[in-house]
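Sharing a structure here in structure tokens format.
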Amino acid sequence: MGIASKEILGYTCMLAETELDDQKIMAWFTPDIPISAGPECYYGLPGLMLEVNVNQGQIVWMASQVDLTIPNIAFLDEPKEGKKVTAEQYQQIQDEKIAEWEQQQNKKKKNAKVIK
């Protein structure tokens with residue numbers, strides 16, 4: 001038996017399931033868009049979630065389109081606050097934040113599994 005997959009908006013998606021706070025969550029994600037994001041508070045899979053189904057249809061989010069247009073940098077505002085750091089300081093901050101995020105994800109995903 002192979003990994004559960006289906007096509008959404010022209011992308012091949014894989015199924016991941018978990019139970020969180022007594023809710024059964026099914027997420028269809030595509031590794032073709034390697035962004036670990038999804039609707040609401042759902043994220044952490046190795047690809048963009050194009051569909052999330054909670055409690056067998058009680059709540060369903062489904063992508064209606066995927067726009068891969070690169071934003072125009074002219075629309076981005078320069079930060080007004082913050083501090084400058086060296087590349088080494090930035091790497092240390094990034095490593096710390098990734099470790100914090102991974103700890104949070106491990107707590108949330110202790111029951112997660114990819115269906116094969």
Side-chain angles (χ1 to χ4, degrees):
M1 186 154 98
I3 295 174
S5 66
K6 72 176 182 177
E7 188 171 306
I8 301 174
L9 299 174
Y11 293 94
T12 300
C13 295
M14 296 170 35
L15 176 62
E17 290 184 289
T18 190
E19 288 191 22
L20 181 63
D21 299 329
D22 295 323
Q23 294 184 323
K24 183 177 180 180
I25 301 163
M26 298 172 58
W28 292 93
F29 68 97
T30 179
D32 294 335
I33 304 175
I35 298 170
S36 181
E40 292 287 325
C41 62
Y42 302 103
Y43 58 92
L45 293 172
L48 184 63
M49 291 181 213
L50 297 181
E51 181 180 331
V52 175
N53 184 318
V54 179
N55 290 334
Q56 299 177 344
Q58 184 179 23
I59 300 171
V60 177
W61 289 277
M62 182 175 269
S64 59
Q65 67 179 21
V66 175
D67 183 353
L68 299 176
T69 304
I70 297 172
N72 184 339
I73 197 158
F75 290 110
L76 301 176
D77 294 329
E78 187 174 331
K80 305 274 189 270
E81 53 188 65
K83 65 178 184 176
K84 288 187 178 188
V85 295
T86 65
E88 292 81 16
Q89 291 170 319
Y90 176 79
Q91 185 64 51
Q92 181 180 356
I93 293 167
Q94 186 177 22
D95 292 344
E96 290 170 3
K97 295 301 177 186
I98 288 171
E100 288 174 19
W101 179 82
E102 286 174 343
Q103 286 178 342
Q104 292 172 351
Q105 293 308 302
N106 287 336
K107 288 178 185 175
K108 288 181 182 179
K109 292 183 184 177
K110 65 181 177 180
N111 294 323
K113 59 184 174 185
V114 173
I115 303 299
K116 294 183 179 182

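Computed over heavy atoms, backbone and side chain alike; hydrogens, waters and symmetry mates excluded. Note that the coordinates shown come from a computational prediction; the quantities given were computed from them, not determined experimentally.
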query: Between A27 and L45, which heavy-atom pair has the shortest distance, and what is it?
result: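 Result for this residue pair: CB-CD1, 3.8 Å.
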query: What's the spacing between M26 CE and T18 OG1 if we round to 0.5 Å?
result: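 M26 atom CE to T18 atom OG1 measures 12.0 Å (nearest 0.5 Å).
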- prompt: Which pairs, with at least one residue in residues 5-14 and sequence neighbours excluded, count as a side-chain hydrogen bond (donor to acceptor under 3.5 Å, both in side chains)?
  reply: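 Listed by first then second residue: K6-E51.
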- request: Take V52 and W61, measure what side chain to side chain contact (heavy atoms under 4.5 Å, CB included) needs, and give me the verdict at the end.
  value: CA-CA 5 Å; V52 175; W61 289 277; 3.9 Å; yes
message: Show, in sequence, the C-alpha distance, side-chain angles and deciding distance for E88 and Q92, and conclude whether the side-chain hydrogen bond (donor to acceptor under 3.5 Å, both in side chains) test is met.
response: CA-CA 6 Å; E88 292 81 16; Q92 181 180 356; over 6 Å; no
message: Quick check on the hydrophobic clustering: are I70 and I35 connected, directly or via other members, by side-chain heavy-atom contacts under 4.5 Å?
response: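 Shared cluster, no.
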- prompt: Under the side chain to side chain contact (heavy atoms under 4.5 Å, CB included) criterion, do T30 and I8 qualify, and how do the steps go?
  reply: CA-CA 9 Å; T30 179; I8 301 174; over 6 Å; no
- prompt: Which atoms form the tightest heavy-atom contact between F29 and A16, and what is the distance?
  reply: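 Shortest heavy-atom separation between F29 and A16 comes out as CE2-CB, 4.0 Å.
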Nearest atoms (heavy-atom pairs only) where Y42 meets I25: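 The answer is CE2-CD1, 3.6 Å.
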query: So which heavy atom on N55 is nearest to which on Q23, and how close?
result: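 It is OD1-CA, 3.3 Å.
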task: Could you tell me whether the side chain of D67 and the main chain of T69 form a donor-acceptor pair under 3.5 Å?
output: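 Yes: the side chain of D67 pairs with the backbone of T69.
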- request: Locate the shortest heavy-atom distance separating M49 from G38; write the atom from each residue and the value.
  value: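 Reported closest heavy-atom pair: CB-CA, 3.9 Å.
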field: Atom of A63, atom of L9 and distance for their closest heavy-atom approach
entry: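 Taking A63 first and L9 second, the nearest heavy atoms are O-CD1, 3.6 Å.
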- request: Decide if atom CD of Q56 counts as having more than 12 heavy atoms of other residues, nucleotides or ligands within a radius under 6.0 Å.
  value: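 No.
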ILVMFWY network linking I59 to L20, side-chain heavy atoms under 4.5 angstrom: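 In one cluster with I59: L20, yes.
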- request: Find the distance between CD (E96) and CD (Q91) and round it off to the nearest 0.5 Å.
  value: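 If we round to the nearest 0.5 Å, E96:CD and Q91:CD are 10.5 Å apart.
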query: Hey, what else clusters with V85 if you join Ile, Leu, Val, Met, Phe, Trp, Tyr whenever side-chain heavy atoms sit under 4.5 Å?
result: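 Hydrophobic cluster check, V85: joined to Y90, I93.
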